[in-house]
Number of protein chains: 2
Amino acid sequence: MTKPDLLIHAAFKLFYEHGIHAVGINRILQETGVAKKTLYHHFASKDALLEAVLMYRDQIFMDWLTSRMMAAGEGKMAVLALFDALDDWFHDRVEVLLPFKGCFFMKANGEFSDHMVNSLCQRHKHNITAFIQANLVGHSAHLSSAELAQSISVLKEGAISQAYVAGDLDAAKRAKAMAVALLSEK
Amino acid sequence: MTKPDLLIHAAFKLFYEHGIHAVGINRILQETGVAKKTLYHHFASKDALLEAVLMYRDQIFMDWLTSRMMAAGEGKMAVLALFDALDDWFHDRVEVLLPFKGCFFMKANGEFSDHMVNSLCQRHKHNITAFIQANLVGHSAHLSSAELAQSISVLKEGAISQAYVAGDLDAAKRAKAMAVALLSEK
DNA sequence: ACATAAGTAAACCGATCTGTCTACCATTAT
DNA sequence: ATAATGGTAGACAGATCGGTTTACTTATGT
């Protein structure tokens, strides 16, 4: 693994577990054995490293989620598969996402205001909602695919928060039941 | 206003907007004009101040939410009123909660691990779920009040997250529609 | 009147923060 | 062969962190 990738991996793991402001550059260096000069050779600042970490996590997460959804079929089936995927995530059955500690983007977003982090997190959430919506075009005569996708997103966000903060690891199952009801209305 | 209350108010406002680790003790002092000696006379440490801030916000929020719910009646009506209250919060129509910037407990929780903050946040969420549950005893023959309350909590958490991170200020309306569907099943 | 408590201002402490710098080593491509 | 690149080790800088201390100034209650 190249040095930049090594740094991004270690930084993500530490940021995800302890928070971004709580983890200093020196700790990332100590954990990886990389020299400080090398870090600042590849990244202009801690913020630049953080940006790379956010893009890395975005790619890992989106690749995992979309492949899980597409493997289940199209339309409604794909959307419901989203909640099965979340359930696996909450129960630490998805190695590539690392042990579940909530949504990294939600946590990162909360540590900043009027910052690049906020727009990156918003974009990440928007991309997911857009992918959900793509699976819901023409599903309902009464509700637009955009409105349905927003509602599904509320269920998804709620499941993640509830699983993390309240420790309700079965939140995805509950969210799925409500999604079934929502997508059964005609 | 007493000095401790002044500090708690200012600390909450700054923590809520910028994050806890991002706000130093000196900034809180500068904002309030209080001397450092005075702060450490009333609070043993930044952690102690933070604990007071969390308890303060918990009380403000719970008082507001329960009064809004109880004013709407009992049972299902109270639960649905929760989402009307959230809608007001998201649109900054609730002065006592300050301009909406997400759930303080969700954000605080994300900045720590294995810390007093985590248990306080979990307790806060649990108290809300318990209050919801109290309004749902005997509501359904198929689902327990505990299960219903957990599902309502998923909707509530999802609405807050979606409104904050994605900027979807109408998330509470969507969540309410799903709550109506959930509580109409017999 | 006087002791006690609560307050201010500001210097100070050690630790840690992000980021820079010097000096040296290993690889590799021209 | 040699110049350029990527790397290590670690000292260093300046700022800021949480927290303590000294010295002085109000209030307040008995």
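What you see is a predicted model, and the numbers here were worked out from it, not measured in a lab.
- Remark: P of C:dC21 and OH of A:Y40 are 13 Å apart, rounded to the nearest angstrom.
- Atoms CG (A:L50) and C1' (C:dT18) sit 14 Å apart, rounded to a whole Å.
- Closest contact between the side chain of A:I25 and the listed nucleotides D:dG19, C:dT18, C:dA9 involves C:dT18.
- Rounded to whole Å, atom P of C:dA11 lies 12 Å from atom NZ of B:K36.
- The side chain of A:H41 approaches D:dG7 more closely than any other nucleotide in the set D:dG18, D:dT8, D:dG7.
- A sub-4.0 Å separation between OP1 or OP2 of D:dG7 and a side-chain N or O of A:H42 is present.
- Atom CD of B:Q30 and atom C1' of C:dA10 are 15 Å apart (whole Å).
- Where A:V23 and A:K37 each meet DNA chain C at their nearest nucleotide, the meeting point lying more 5' is that of A:V23.
- Remark: A:R57 is positioned above the aromatic ring of A:Y16, its terminal NZ or CZ atom under 6.0 angstrom from the ring centre and at most 45 degrees off the axis.
- What separates NE2 of A:H21 from P of C:dC17 is a distance of 13 Å, to the nearest Å.
- A:I28 has its CD1 atom 14 Å from the C1' atom of C:dT16, to the nearest Å.
- Here B:T38 does not reach the OP1 or OP2 of C:dA6: none of its side-chain N or O atoms lies under 4.0 Å away.
- Between the side chain of A:K46 and the base of C:dG19, no donor-acceptor pair of N or O atoms lies under 3.5 Å.
- Using a 4.0 Å cut-off between charged nitrogen and carboxylate oxygen, A:E31 and A:K13 do not count as a salt-bridge pair.
- Regarding B:I20, its CD1 atom lies at a distance of 12 Å from the P atom of D:dG18, rounded to whole Å.
- Taking atom CG of residue B:L6 and atom C1' of nucleotide C:dA6, one finds them 14 Å apart after rounding to whole Å.
- The residue A:K3 sits close only to the backbone: its heavy atoms come under 4.0 Å of sugar-phosphate atoms, none of a base.
- Screening B:R174, B:K173, B:K176 for a salt bridge (charged side-chain N to carboxylate O under 4.0 Å, His left out) involving B:D87 leaves a single residue, B:K173.
- Listed pair B:N26 / D:dT16 fails the phosphate criterion, with no side-chain N or O lying under 4.0 Å from OP1 or OP2.
- Each of B:D84, B:D88, B:D63 was scored for a salt bridge (charged side-chain N to carboxylate O under 4.0 Å, His left out) with B:R68, with one residue passing: B:D88.
- In this structure, A:Y56 and A:F12 have perpendicular ring planes: the angle between them is above 60°, well past the 30° mark.
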